[in-house]
Amino acid sequence: MLVFVARRLVVSFFIVLASTALMYALVAASGNPLHDLQEYNGPGREARIAARTRALNLDVPVPGRYLLWLQDVGRCMVPGGDDCTLGLDRQSQPVLPQLQTAIGSTLRLVIAATVLALLLGVITGIVTALRQYSTFDYGVTFVAFLCFSLPLFWVSTLLKQYVAIDLNNWLSNPEMTYAALLGVSLVAGVIWMVVIGGERRTRLVVFGISAVATFTTLFALLTTNWFRRPTMGLLGILLIALVMAFLWAALFAGLRPRTRRVLYSALAAAVAGTVVVALAGPLMRGMTWVSFLAVSVVIIGVGVAAGLVGGGHVKRLAAQIGGVTGLTVVVLMSIDQMLGAYPYVYRATGGRPIPTTGSQTPNLNGTFWQTNTDLALHLLLPTLAIMLISFASYTRYTRASMLDVLNQDYVRTARAKGLNERTVIVRHSFRNALIPLATLVAFDFAGVLGGAVVTETVFGWSGMGLMFQRGLTNVDPNPVMAFFLVTAVATVVFNMIADIAYAYLDPRIRLS
Amino acid sequence: MTDQRPSPGGHERIEAQMDRIVAADTDLLEVEPAAAGIPVAARSSARTIMNRFLRHKAAMGGLVALVLIVVLVFSSIGIGPFPGWWPLDYRVPQDISHGGRPTLQLWPFSLGEHPFGQDNIGRDYFALVMRGAQQSIIIAFLVGVIGSAIGTVIGAIAGYFRGWTESVLMRITDVIITIPLVAIAAVVAKGANGRGGVWLLGLFLGFVTWTGLARIVRGEFLSLREKEFVDAARSVGVPSARIIFRHILPNTVGVIIVSATLAMSSAILLESALSFLGFGVQPPNTSLGQLINNYRAAMGPRPWLFWWPGLFIVAIALAVNFIGDGLRDAFDPRQNRQKA
């Protein structure tokens, strides 16, 4: 493993070297960096040209300039060096501080989009594969094709123009007529009916239950003015955590007597996690990333411990599910806190909580949760836009690879042995279906980064996309190269992680 | 022993002999059931694929839609020296009528004066959209063809020769894959725009979009080159170039066609993204992406300026994607087999 990582690092180093050299040459050849000044006729023309020539080293031929840029990058590798600039832009300003302010928002966007698209895409892909040729399958296939065919910036603009404005209007006055309420409930009923499927009677029952449940929930939320002062509370966390614990246990361990202890320990993990959340209450106001991580580790640890203590002969499985339950509690806790912070953000944004420009509200100065709520709200629409394409490709790939696995002989063998369908799907098929996805994620990451360039421009984020676009328009290589350096390193690292994940998922593959 | 080695050029004779033997074998297979009284129509694999494609409803829908769009786009305002049936020029501002709103009526069908409306300086938007769609289609087609050709050749050479050739070619591919496509495309497009029109833009974009196919074709070649028929060809002295193009490549044609089709649909989207960033087709020429970008700010008062080019992009890309999906199913029906 170490040898593998070391070798890959060496190879990756040369790949990044070559790709930056290629890009430097292409950027330098893409236009004339002095174009605007040479057409400029005002005073000080010569001095300005001289200044820019000095800043960009235009008196050195391109290969020499690339080596100078490499030197600038190399200075950043020296520990403690304070002359790390990543080169100067054409105004003779160092690039590094610009990159530092830009990188945060872009990475947030890219990571949020990748994680969400992966989760939703894999789940949808598995369900469509299990229900091949159903209405749901055809529907998702069509939606996926539509997502593949949508120009990103067109969607982003539509989201900005229609969704943001209407949603903001609605959130400032969250009311629904009975007709709208009924309509939403019926649509929800139809969606669940199509997703779950089954016999005619099952379908009708599913439709009825989900429509009534949607109606009641929405009605309760609207009458308690939940959308203005949303909250979940400890009781809410506990209830949802218990339900989720039950689901995790049912999905990954089954509810047979043999694995009953897993279910009990998962439920115990949910209760214990909620207790920790209650005890950590005083910490929430002054929370930082450090204390957040500490609380999360304690909650997950309690979950794992619950599994180990109560798991009996299925200790390992119980511990894993306990950990997952703990993670669920952490997520619920974060949602609860962010919901609590929402009214503050709502006031701070002047009653327009879904922003359409920028990556954060300026001068917010809130607590940990308030800042993060603000960031999350800013992420909402851009993430949705970028996600569509990745979501479509993950869905299609998961479906294809799951179908492939389900047709394998070992799945037939598993069925022939008399294993129940849950075990066949979760333990024998799911894991194997994930293998080809590992490469796709790495490949897709570069695509999402490219998408970020476009989406950031639409939503007016001053992230790396803007840096790239402005730099390229002005034929100003160093900001553009900073963008490439980050993307190339990220892609290479992701590829390496994908290979390691590949070997973990498929033990036949040796890392060497 | 030496006299048994095929003389230069002799391999063609042996190949022809082998073809005859195979043909005789196939004839035998097909004649036998017929002799037993069961009529069997001999079907070539091309025929089977064709039939499968023709039965794919979504793909046929896509094909019809695409043909209609292409005919509309190229016949309406004409191309180059050939005039079209639409009288207005996309460059000339007209008097604004109906407040610039679209006059297209679906029932009863009539185009009216300006079916897609007029832009803010009175240019006929139907002509503009047609012109933009022409440019977008030309670019997409060029990118698809050039990118696929380069990808096929590089993948084939890497997969067939292996060794250091493969290492070098695949490392080059890796290098280009590390860069987000939009970014590298933006850089080469900016370079192309300083020098020429859409044809050069399409050509340059083709130079950076071949990497995915190169990897796929290499994978196919790696497995096919170990097959017996390749050994047979090699043993009778067929030169490498002929093995690659005559013996192995026809077996990968499905993958290549599917990938080329999908490359065209993503090229349409790529071009629109580049035009949006300002690195695509440059004014006074226009493309669908550029139209959307130009009139993005007018979205509130004149939404049709934003909707029409967008709908054309989605329609073209969706049609091409469905065709690609149909081709994939036709060439590789394994994916579609019913669960046993």
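All values below come from the heavy atoms of this structure, side chains included, with hydrogens, waters and symmetry mates left out. A, B, ... follow the sequence lines: proteins, then strands. Residue 1 opens every chain.
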*Tell me, do B/Pro180 and A/Val448 make a side-chain contact under 4.5 Å, heavy atoms counted?*
no
*asked:* Out of B/Ile313, B/Leu277, B/Ile316, B/Ile268, return the one with the most heavy atom pairs under 4.5 angstrom to chain A.
replied: B/Leu277
*Side chains of A/Leu152 and B/Leu269: closer than 4.5 Å at any heavy-atom pair?*
no
*Nearest 0.5 Å, what's the CG-CZ distance between A/Leu26 and B/Phe207?*
12.0 Å
*In Å and rounded to the nearest 0.5 Å, what is the CZ to OG distance from A/Phe153 to B/Ser275?*
7.5 Å
*Near A/Tyr162 OH, under 6.0 Å, is it more than 12 heavy atoms from other residues, nucleotides or ligands?*
yes
*What part of A/Ser19 lies closer than 4.5 angstrom to a heavy atom of chain B: side chain, backbone, both or neither?*
both
*Quick one: of A/Leu146, A/Thr157, A/Val492, who has the most non-hydrogen atom pairs under 4.5 Å with chain B?*
A/Thr157
*asked:* Heavy-atom cut-off 4.5 Å, strictly under: side chain, backbone, both or neither for A/Phe483 against chain B?
replied: side chain
_Proximal component of B/Leu181, with respect to chain A [non-hydrogen, under 4.5 Å]_ = neither
_If you count heavy atoms of other groups shown closer than 6.0 angstrom to CZ of B/Phe53, is the number above 12?_
yes
*Between A/Arg396 and chain B, which part of the residue has a heavy atom less than 4.5 Å away: side chain, backbone, both or neither?*
side chain
*Less than 4.5 Å apart, any side-chain heavy atom of A/Leu158 and any of B/Trp307?*
yes
*B/Phe306 versus chain A, heavy atoms under 4.5 Å apart: side chain, backbone, both or neither?*
both
*Any side-chain heavy atom of A/Phe468 sitting closer than 4.5 Å to one from B/Val182?*
no
*asked:* Please determine whether side-chain contact (heavy atoms from CB on, under 4.5 Å) holds for the pair B/Ile176 and A/Leu22, giving the CA-CA distance in whole Å, both sets of side-chain angles, and the decisive distance to 0.1 Å.
replied: CA-CA 9 Å; B/Ile176 296 184; A/Leu22 174 72; 4.2 Å; yes
*Under 4.5 Å from any heavy atom of chain B - which part of A/Tyr138*: neither
*asked:* Could you tell me if the side chain of B/Leu318 sits less than 4.5 Å from the side chain of A/Phe148, heavy atoms only?
replied: no
*What part of B/Val188 gets closer than 4.5 Å to chain A, counting heavy atoms only: side chain, backbone, both or neither?*
side chain
*So does A/Tyr397 have more than 12 non-hydrogen atoms from other groups sitting under 6.0 Å from OH?*
no
*Reported CG-to-CZ distance for the pair A/Leu472 and B/Phe279, which is rounded to 0.5 angstrom*: 4.0 Å
*A/Val155 versus chain B, heavy atoms under 4.5 Å apart: side chain, backbone, both or neither?*
neither
_Applying the side-chain contact (heavy atoms from CB on, under 4.5 Å) criterion to B/Asp174, which one of A/Val11, A/Ile15, A/Asn495 satisfies it?_
A/Ile15
*asked:* Just so I know, are the side chains of A/Trp154 and B/Leu311 near enough to count as touching, which here means a heavy-atom distance under 4.5 Å?
replied: yes
*Segment of A/Gln161 engaging chain B (4.5 angstrom heavy-atom cut-off)*: side chain
*A/Phe484 and B/Val187: which non-hydrogen atoms are nearest, and at how many Å?*
CZ-CG2, 4.2 Å
*Heavy-atom side-chain contact between A/Thr487 and B/Ile179 under 4.5 Å*: no
*A/Phe13, CZ: over 12 other non-hydrogen atoms inside 6.0 angstrom*: no
*Against chain B, label A/Thr20 side chain, backbone, both or neither, depending on which of its atoms sit under 4.5 Å from a heavy atom there.*
neither
*Measuring heavy-atom distances to chain A, does B/Ser272 have an atom under 4.5 Å in its side chain, in its backbone, in both, or in neither?*
both
_Between A/Leu150, A/Leu449, A/Val475, the one whose heavy-atom pairs under 4.5 Å with chain B are most numerous_ = A/Leu150
*Between A/Leu17, A/Val480, A/Val489, A/Thr473, which shows the greatest number of heavy-atom pairs under 4.5 Å with chain B?*
A/Thr473
